[in-house]
> 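Provided herewith is a single structure, encoded as structure tokens, for subsequent inquiry.
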Amino acid sequence: MGSLDVLLMFFSDPASLMYSATTDPVLYRKHGFLKTRVWVFDIVSSIAGLFFFYVGLFGKKEREEVLFQEPLLNGSRSDSVDVSKKSDEVEIVSPFTKASLFDILTFSWMSPLLAVGYKKIIDFEDVPQLDGNDSVNGVYPIFKNKLDSYSNNISSEVTTLKLVKALLFCTWREILISAFFPLVYALASYVGPFLIDTFVQYLNGRREFKNEGYYLVSAFFVAKIAEGLSQRHWFFRVQQVGMRARAALIAVVYQKGLTLSSQSRQDRTSGEIINYMTVDAERIGDFTWNMHDLWMVPLQIILALLILYKNLGLASIAGFVTTVIFMLANIPLGNLQEKFQEKLMDSKDERMKATSEILRNMRILKLQGWEMKFFSKVVELRKNEEGWLRKYVYSWALASFVFWGAPSFVSAVTFGTCILMGIPLESGKILSALATFRILQEPIFNFPDTISMIAQTKVSLDRLASFLRLSDLQHNVIEKFPTPSSNVAFEISNGNFLWDPSTPDPLLKDLHLQVLHGMKVAVCGAIGSGKSSLLSCLLGEMTKLSGTTRLNGTKAYVAQSPWIQSGKIEENILFGREMDRERYERVLEACSLKTDLEIFSFGDQTIIGERGINLSGGQKQRIQIARALYQDADIYLFDDPFSAVDAHTGAHLYKYFEILSSGTDFMELVGAHKKALSSLDSVDTEPVSVNLRNGLQAGDMSKSKNVLEKEEDGKIDKIIEQKAQIVEEEEREKGRVGFQVYWKYITTAYKGGLVPLILLAQIIFQVLQIGSNYWMASTTPASKDVKPPVNGFTLIFVYVVLAIGSSFCVLVRALLLSTAGYKTATLLFQKMHLCIFRAPMSFFDSTPSGRILNRASTDQTEVDLNMPSQIAVVAFLIIQLLGVIAVMSQVAWQVFVIFIPVIATCILYQQYYIPTARELSRLIGVCQAPVIQHFAESVSGSTTIRSFNQESRFMDDNRKLTDGSSRPKFYVAGAMEWLCIRLDLLSSVTFAFSLVFLISMPEGVIDPGIAGLAVTYGLTLNMLQAWFIWDLCNLENKIICVERIIQYTCIPSEPPLTIEANKPDGNWPSFGKIDICGLQVRYAPHMPLVLRGISCTFPGGMKTGIVGRTGSGKSTLIQTLFRIVEPAAGQILIDNINLSAIGLHDLRSRLSIIPQDPTMFEGTVRSNLDPLEEYKDEEIWEALDMCQLGDEVRKKEGKLDCSVNENGENWSMGQRQLVCLGRVLLKRSKVLVLDEATASVDTATDNMIQQTLRQHFRDSTVITIAHRITSVLDSDMVLLLDHGLIAEYDIPTRLLENKSSSFSKLVAEFTVRSSSSFGSLSDL
């Protein structure tokens, strides 16, 4: 029966083959050794049968159905898309979706992208779309529906098991497909060890049938091809499953982040929520690499035992027991590694949390001169992390020792048992056993890793399940009016609301409130009285204990703290709505934004930096207001909307608020701005907590008659000058990674001194390994009839000595590698973070924090854990390959005839592949940051998003960004397998050629044992060759992490912190006189001047007020004073010392500022007031009492050590501003700057702050930027800026006497509005 007959038999009657496979072992037991031909036929036909079984079961049936369903008269098929489909759906079709069976098997569907990448540097637009089933929209709906059905649509019932079941349900088909390939791989990988003994016997002269050698070569070759194909598809499919799981989890975490209740938000910081997405979802996706190991490891051990039993009999039991001992010994080691990794991740979380907060508030840190103190805080956190990292890498070194030493020791025990039991050792059986042990090496080592990965994945699943169990906002808080035509806009009846459900007393009690359409209602009260909480209960943000809240119509909301999205100004205003040009222009006019847009080089197409970093406070607030007005809502909810806009702009905004259509409601919380009360219909002036209990009902009031006139200016759009945006695309290195990057990494630790020692240890290890195997092959006979040249004791003794020597080299190599990798990671971390903290503020203005965090987390983790072994394994594989070639050349030097051209072809393939893979890997890093940034922005602005009912749009944006980050990952995986499958084929051809050469040689020309050794090593040739190219390419992909870190070690630094030659005296500044001479300032070289040559003097010890329209340059002048921005020309002198000539720390530590945005850091009240730990408790209490916070802090548990949440969320805006006041009262500097410092406090508190400052800074130079004219009326001098120039500078009385002065007009306008406001109050 020929091989073709066997194959035909299988296709015609599969049962026959199954019968044959079952009866062969029985016949073997009965009649002795079966003919090799039968085993070969069984192997080849089984592999072919499994392949066609896969094709039949899992082949793309959808494509076949389309083919069969098409009418025959259609002619040839075309790839045209149905015209009814939208154009954007065309992009969904990926080359993987359209691929034929052959293309899928060989990964040829990757060829078009690789061709593009070889010709040019690919960009994101060149990367094809994902297959529909791999996208978020393909996976998430199935996952979410199943999770909801398992948990009965109740979030609190989500468990880890239900989460796993939902993940399995949406990926079960791919998991089954991916399970098929490791099964084929396991079977095919043991064909070589199984047939080696037969091959050695053949070379020794035993021939069982004609052409037996060629049948053996065919079996080896087919098995290697099957092994390569199955491994490649196995790796690709598990990555595909991982990407789908990751996409589903990111989407569900994002959706949960948008619906969390306020209490749940306090339980989880934004950093922790981001970690669920970046760490836990990623880890669960990575687990797919290990998901088949639980059944694969036992299967591989069983197959190995069968082969060992066939060759060595009962001695195989000793090998099995030793294997089990090594596996059990690995378990505590794995547990230790798991513990260290868990601690490492926890410490990393702490560091990233602190880093994230620092980056958000870098401006205030630099203004206060605190950045190096906070740098030391990050370094301290990193030291804790480094402690666990050190333990982890050395435990890894120990595990590496076990991994490489296990096969030698298992072999020694097995062979020793054979000697003791009298089982004859033949070279063929020994080589078969050695090959088997080498295959067993991986499962022995990986099994503890698998257990550890299961534990880590379970931790991540538990964390995600606990997050998904958190309480959501109540769905029934806001009810719709049954009759839309009702005159009532909203009403609250018997309302009791609170933030924390665990607290006994509601914050807002017995609310009775009804507001009719067209009313304008203002709510006033002291700081902390509940104004913002009242608005939150109307938005459905608070927990409702009882009562009803009903709303009639759509709503728009403006938050007290401006929330601005990264992106264009136009996108922020439209906020998801279609462009209505006429309405858009009216909104811009109404919000005084047209002048600002003229200043920006790109107008409303200007990209706003993270958190609106490149906008002034007033501009951010007005964009917020414009966003609300453009929505054309029925009800407008404004929370202190004019806190950051000047009086002139505030008046303009009020003048144009008639843009609100007839019947619109205007609920405005303006407790901090009594100047606005003149245009309101009803005012609540008592504390909310008292008056609201009595209820507030107002009748319909008259509506304003002014109508916004439409401006028809007929201007043609200006051609915008081509200038760079302040926030530019992330810089991405292009082309080949330079040798300099590798050299810098290798020589960072100990100047590369450990590298030669590591290589020497590996070379000695390889020599000893080959020596031990050579010893066993050459000193054992090819058959039992030949007497062995050495006795059994000598044989095993020499082998054990060589094994111990090689294991010792492995231990030395692993320890040195761990030491070098750890030191390198530590030094790179310090260099990068020092450069980041010393970077100028312009770097943070133009760099979203997501980019920096990506390097500090993802890239740093890669350098910490993977990069040392990644570089080392390439060097080790070169040494191993040279060893294999040396062994093979001993018996078949002619193999070089094909080996050299094959290697050349492999290198050509690698050169063809690497440009695409390298750029795709860079795109992975670039595409990950926007996902994190969008997620962080969405979590912080979730209230605004919900208030505009924009959750679905933001979910869609998140899905697009997630797909965008998955696209390069998917095609990197495909490209890698495209390369490896071709390398596998080439190495299999090389191996087959060497086998053909061996069987073609006359009998007796070569030693069968040595020839068998060459075959044993040849079995690993394709694996080593493929791994070498794979690791070389992977190294170039992964070294990009080092490249990105090194990129941030070259950031231009700020000027020195101290200059010893120009160090000011200890009492400087003693007078506080400030001279400004010809000052010109721009934020970046490519941007226009903001201050355009101003010159003036601020007298020492006097109070100077700076006023001007939003965007006129007030805050820029202050930033230049602190050298946050360096002058483009001109200079500033304080007490005749040029500020540009002294160190930054010497300057900033001598000045004080209360910033525009009140900032508090997570920690305690003490650490917020005195982060440098310079003052005693008594001094801190004194400062708290001065700023009216002493009593509030005394009420809290812990007093000065009472907790402050992330961003000071558990303190009101006003209280945060008072803490900032407390800081300057502690510092008592001679120069004090108030940058719109009272924007977030009510008028009474404003007066108190002004009085406190007058009392304690009587002899200091005080510079005040204020929107409230009253804050600067009592100043000694007033400076009025307009478009970066000095419009007026004089004493206030003189400016007021001149009725035509701009300052006089501002004061007059404010006075009229204030008197009108109080008139309205008296009428009430």
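Position 1 is the first residue of the sequence, and the numbers go up from there. Please read all numbers here as calculations on a predicted model, not as lab measurements.
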> Without swapping roles, check the side chain of Asn572 against the backbone of Lys568 for a donor-acceptor pair under 3.5 Å.
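The answer is yes, because a donor-acceptor pair under 3.5 Å joins these two groups.
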
> Apply side-chain hydrogen bond (donor to acceptor under 3.5 Å, both in side chains) to residues Thr554 and Gln631 and explain how you reach the verdict.
CA-CA 9 Å; Thr554 58; Gln631 299 303 305; over 6 Å; no

> Please check this pair: side chain of Trp563 against backbone of Glu937, looking for a donor-acceptor N/O pair closer than 3.5 Å.
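Such a contact is found between Trp563 side chain and Glu937 backbone.
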
> In Å, rounded to the nearest 0.5 Å, how long is the span from NZ of Lys509 to CG of Leu498?
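With rounding to 0.5 Å, NZ (Lys509) is 10.5 Å from CG (Leu498).
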
> Considering residues at least two apart in sequence or located in another chain, which fulfil the ring pair (Phe, Tyr, Trp, His ring centres under 6.0 Å) criterion with Phe954?
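Counting only residues at least two positions away or on another chain, Phe954 forms a ring pair (Phe, Tyr, Trp, His ring centres under 6.0 Å) with Phe575, His934.
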
> Dump the intermediate steps for side chain to side chain contact (heavy atoms under 4.5 Å, CB included) on Phe497 and Leu534, then the final yes or no.
CA-CA 9 Å; Phe497 300 88; Leu534 173 62; over 6 Å; no

> With a 4.5 Å limit on heavy-atom distance, are the side chains of Ile273 and Leu260 in contact?
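Answer yes - side chains close enough.
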
> Quick one: does any side-chain atom of Ser536 pair with a main-chain N or O of Met542 as donor and acceptor, under 3.5 Å?
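Such a contact is absent between Ser536 side chain and Met542 backbone.
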
> Test your reading of the model: is there a side-chain donor-acceptor pair from Arg622 to the backbone of Cys591, 3.5 Å cut-off?
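The answer is yes, because a donor-acceptor pair under 3.5 Å joins these two groups.
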
> Please name the pair of heavy atoms, one in Pro141 and one in Gly138, separated by the smallest distance, quoted to 0.1 Å.
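Shortest heavy-atom separation between Pro141 and Gly138 comes out as CD-C, 4.3 Å.
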
> Quick one, Ile569 and Ile623 - any side-chain contact, counting heavy atoms below 4.5 Å?
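Yes, side chains in contact.
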
> Please examine the side chains of Ile478 and Phe490, heavy atoms only from C-beta on, and report whether any two atoms are closer than 4.5 Å.
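No, too far: nothing below the 4.5 Å cut-off.
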
> Do Asn949 and Lys555 come within less than 4.5 Å of each other through their side chains, counting heavy atoms only?
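Yes, close enough: below the 4.5 Å cut-off.
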
> Below 4.5 Å, heavy atoms only, C-beta onward: do Lys960 and Asp963 meet side chain to side chain?
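Heavy-atom side-chain distance check fails, nothing below 4.5 Å.
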
> Let me confirm one number: the CD-CZ distance from Glu951 to Arg946, rounded to the nearest 0.5 Å.
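With rounding to 0.5 Å, CD (Glu951) is 7.0 Å from CZ (Arg946).
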
> With a 4.5 Å cut-off on side-chain heavy atoms, are Leu551 and Asp634 touching?
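Answer no - side chains too far apart.
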
> Nearest 0.5 angstrom please: Gln565 CD to Ser940 OG, how far?
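Between atom CD of Gln565 and atom OG of Ser940 there are 9.5 Å.
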
> If you measure from CD on Gln950 to CG on Leu258, what distance do you get to the nearest 0.5 Å?
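It comes to 11.5 Å.
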
> Taking all heavy atoms of Gln624 and all of Ala559, pick out the closest pair and write down the distance.
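So the two residues come closest at NE2-O, 3.1 Å.
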
> Listed by chain and number, what are the ring pair (Phe, Tyr, Trp, His ring centres under 6.0 Å) partners of Phe467, not counting sequence neighbours?
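Testing Phe467 for ring pair (Phe, Tyr, Trp, His ring centres under 6.0 Å), a comparison that skips the adjacent residues, returns Tyr276.
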
> Can a donor-acceptor pair be found, under 3.5 Å and without considering hydrogens, that links the side chain of Gln255 to the backbone of Met955?
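No; zero donor-acceptor contacts below 3.5 Å.
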
> Answer yes or no: is there a side-chain heavy-atom contact under 4.5 Å between Phe143 and Leu163?
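Answer yes - side chains close enough.
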
> Apply side chain to side chain contact (heavy atoms under 4.5 Å, CB included) to residues Glu585 and Leu588 and explain how you reach the verdict.
CA-CA 5 Å; Glu585 293 296 329; Leu588 291 181; 4.3 Å; yes

> If you define the side chain from C-beta out and look only at heavy atoms, does anything of Ile492 sit under 4.5 Å from Leu508?
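Result no, sub-4.5 Å side-chain heavy-atom pair not found.
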
> Rounded to the nearest 0.5 Å, how far apart are CG of Leu473 and OG of Ser942?
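Answer rounded to 0.5 Å: 8.0 Å.
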
> Would you name the heavy atoms of Val252 and Lys144 that are closest together and state the gap between them?
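That would be CG2-CD, 4.0 Å.
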
> Shortest non-hydrogen contact from Thr962 to Ala247?
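Heavy-atom minimum between the residues: CG2-CA, 4.1 Å.
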
> Applying side chain to side chain contact (heavy atoms under 4.5 Å, CB included), run through Asn552 and Val488 and close with a yes or a no.
CA-CA 7 Å; Asn552 186 8; Val488 179; 5.9 Å; no

> Set out, in order, the CA-CA distance, both residues' side-chain angles and the distance that settles side chain to side chain contact (heavy atoms under 4.5 Å, CB included) for Ile250 and Tyr140, then state yes or no.
CA-CA 9 Å; Ile250 287 176; Tyr140 176 68; over 6 Å; no

> Could you check whether any side-chain N or O of Arg959 sits under 3.5 Å from a backbone N or O of Ser135, counting only pairs where one atom can act as donor and the other as acceptor?
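No; zero donor-acceptor contacts below 3.5 Å.
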
> If I compare all heavy atoms of Val931 with all of Leu961, which pair ends up nearest, and what's the gap?
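Nearest heavy atoms, Val931 then Leu961: CG2-O, 3.5 Å.
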
> The criterion is ring pair (Phe, Tyr, Trp, His ring centres under 6.0 Å); which residues satisfy it with Tyr150, sequence neighbours excluded?
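Expected list: none.
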
> Can you tell me if Arg469 uses its side chain to pair, donor with acceptor, with the backbone of Val158 under 3.5 Å?
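Yes; at least one donor-acceptor contact below 3.5 Å.
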
> What are the two closest heavy atoms between Lys620 and Pro562, and how far apart are they?
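Nearest heavy atoms, Lys620 then Pro562: CB-CB, 3.8 Å.
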
> Using modelled atom types only, decide if a donor and an acceptor are shared between the side chain of Asp639 and the backbone of Val558 within a distance under 3.5 Å.
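Side chain of Asp639 to backbone of Val558: no pair is present.
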
> Could you grab the distance from atom CD1 of Ile564 to atom CD of Gln619, nearest 0.5 Å is fine?
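Answer rounded to 0.5 Å: 10.0 Å.
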
> Look only at the side chain of Lys162 and the backbone of Ala465, and say whether a donor-acceptor pair between them is shorter than 3.5 Å.
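The answer is no, because no donor-acceptor pair under 3.5 Å joins these two groups.
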
